[in-house]
Amino acid sequence: MKKSITDKINRLKEEKNAIILAHYYAPSEVQEIADYVGDSYYLAKTAKSTNTDIVVFCGVAFMGESVKILNPSKKVLMPDMSADCPMAHMADIQKIEELRKEYDDLAVVCYINSTAELKAHSDVCVTSSNAVKIVKALPNKNIFFIPDENLGRYVAEQVPDKNIILNSGYCPIHASVTADQVKKAKEKHPNALVLTHPECREDVLSLSDFIGSTAEILDFAKETQNDEFIICTEDGVAYPLNVNNPNKKFHFVAENFCCADMKLNTLDKVLHVLESEENEVMVSDDKRLSALRPLDRMLEIAK
Ligand code: 13P
Ligand code: SF4
C-alpha cells in the first residue's frame, strides 16, 4: 500500500515538475519521500534555488507562506492547510509601532516562525540557526525580538552589548519541557549529552551541553565522539538521527514530544495535493512585497 502511494507520488512529481520539501518535524515516511528535508533556514534557502513549477511544502503555514513570498511564480501546495504554528501569531503590531516611536534606531527582528503580516512589519527575519549572527551584524543597538521569548533571551545572552526587548510568544511544544524532566533524563542516562533547541525555556537551556537549531543538533550528534544523547526538540528528528547514526542512542526528554501540526503532513495528503493541486498558498502582492524585504535581508546577511 505504502509502496503504491510512493510510486504515485513520484510519478506525479515528474509529470508536473514538482518537488517536495519537508521539515525535520514532518512524519518520517514523508521525510523519506521528500526531495529536500531540513530546518527552517535550509528550506527557505532551498525554496529559492529550485526551478520547478510546483513546490509541495510539508511543514506549517508560515513555512509555506515564506516559500510563496520568495517564489511568487511557483505554485506552493500544502498537504494540510490547517497545519499552523501557534507561536507564529504571538506578537502584536501595535506594540511594534509603539516601540518604533520610543526608539529611533529600533530594529524589529522577526523569527521566521511568524505570519507574513508580522514579517511585513519587521526589519529582518532570522531562524534559530542564524539569529545570533544576524543580530550581531545589525548596526542597531535596540532590538525588538518577536515572537519567541526563549529564542530572544538566548540571543540576548550571546549579544550582551545590545538592548534586546523580549516579546511573550513561545512554542507550546518546546516550552513544555521542564528542568525536572531534563534532570530525570540525566539521572537515567548519565553518559548522555543534552542537545536542546533554543525555543526551550531558560532553565532547560542552562542544563544543556549543546544548544542549536534542528539541523545544528543533527550535525552535532553526528560529529561528536559521544554515542548517547538526550534530545530536547521535536521527535521528528529521531528519523534523521537514527539514519545518520545507527550506532548511537537517542533518548527524547519527554514521551510523545511532538508538534501535532507538523504531523498533519501525511503521505495520503501529499498524494492528494499533487493530484488535485488543491491547497495552494496565496499571499497578496502588497503583503508579499513587504514580507519579502526582511526575508531577503536574512538570506543576504546569513550567506
Ligand atoms: P528550526 O527548523 O529553525 O530548527 O525551527 C524549529 C521549529 O520549531 C520549526 O517550527
Ligand atoms: Fe510552531 Fe513549535 Fe510546532 Fe515549531 S514545533 S511549528 S515552533 S508549534
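Owing to the predicted nature of the structure, the values given are computational and were not obtained by experimental measurement. Scope of the values below: all heavy atoms of this structure, side chains included, with no hydrogens, waters or symmetry mates. Both ligands and their constituent atoms are indexed starting at 1 by order of listing.
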Residue Pro86 vicinity, atoms of ligand 2 by number, heavy atom under 4.0 Å: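 This gives 8 (S) as the contact atoms.
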
Within 4.0 Å of some non-hydrogen atom of Cys171, the atoms of ligand 2 are 2 (Fe), 5 (S), 7 (S), 8 (S)

CG of Asp92 to CD of Glu97, rounded to nearest 0.5 Å, is 9.0 Å

Below 2.8 Å, any N, O or S contact between Cys85 and atom 3 (Fe) of ligand 2?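 No, since none of the N, O or S atoms of Cys85 sits under 2.8 Å from atom 3 (Fe) of ligand 2.
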
Are [X] and [Y] linked by a side-chain donor-acceptor pair shorter than 3.5 Å?
{"X": "Tyr111", "Y": "Glu199", "result": "yes"}
{"X": "Ser213", "Y": "Asp39", "result": "yes"}
{"X": "Asp84", "Y": "His89", "result": "yes"}

Within less than 2.8 Å of atom 2 (Fe) of ligand 2, any N, O or S from Cys259?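 Of the N, O and S atoms in Cys259, none lies under 2.8 Å from atom 2 (Fe) of ligand 2, which means no.
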
Quick check on contacts: which atoms of ligand 1 are under 4.0 angstrom from a heavy atom of [X]?
{"X": "Ser40", "answer": "1 (P), 2 (O), 3 (O), 5 (O), 9 (C)"}
{"X": "Asn113", "answer": "7 (C), 8 (O), 9 (C), 10 (O)"}
{"X": "Met63", "answer": "9 (C), 10 (O)"}
{"X": "Ser213", "answer": "4 (O)"}
{"X": "Glu199", "answer": "6 (C), 7 (C), 8 (O)"}

Apply ring pair (Phe, Tyr, Trp, His ring centres under 6.0 Å) to residues Phe252 and Phe257 and explain how you reach the verdict. CA-CA 7 Å; Phe252 278 78; Phe257 189 15; 7.2 Å; no

Contact summary for Ile217 and Ile231, nearest pair of heavy atoms: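 Looking at all heavy atoms of both residues, the shortest contact is CG2-CD1, 4.5 Å.
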
Might you point out which heavy atoms bring Asn244 and Lys222 nearest each other, and give the distance in Å? CB-CD, 4.3 Å

Do any nitrogen or oxygen atoms of Asp39 come within less than 3.5 Å of a nitrogen or oxygen of ligand 1?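 Between Asp39 and ligand 1 (N or O atoms, distance only) the closest approach is not under 3.5 Å.
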
Is there a nitrogen or oxygen of Thr127 sitting under 3.5 Å from a nitrogen or oxygen of ligand 1?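 Between Thr127 and ligand 1 (N or O atoms, distance only) the closest approach is not under 3.5 Å.
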
Has Asn113 got any heavy atom lying under 4.0 angstrom from an atom of ligand 2? yes

What do you reckon, does [X] put a non-hydrogen atom under 4.0 Å from ligand 1?
{"X": "Tyr24", "result": "no"}
{"X": "Tyr111", "result": "yes"}
{"X": "Glu234", "result": "no"}

For [X], is the [atom1] atom crowded, meaning more than 12 foreign heavy atoms sit under 6.0 Å from it?
{"X": "Glu255", "atom1": "CD", "result": "no"}
{"X": "Tyr239", "atom1": "OH", "result": "yes"}
{"X": "Glu15", "atom1": "CD", "result": "yes"}

Taking only Lys NZ, Arg NE, NH1 and NH2, and the carboxylate oxygens of Asp or Glu, determine whether Arg11 and Glu14 approach each other closer than 4.0 Å.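 No.
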
Lys248 bridged to Asp227 by N-O distance under 4.0 Å: no

With heavy atoms and a 4.0 Å threshold, my read on which part of Glu199 contacts ligand 2 is side chain

Which residue owns the protein heavy atom closest to [atom], what's the atom, and how far is it?
{"atom": "atom 2 (O) of ligand 1", "result": "His23 NE2, 2.6 Å"}
{"atom": "atom 3 (O) of ligand 1", "result": "Ser128 OG, 2.8 Å"}
{"atom": "atom 4 (O) of ligand 1", "result": "His197 NE2, 2.9 Å"}

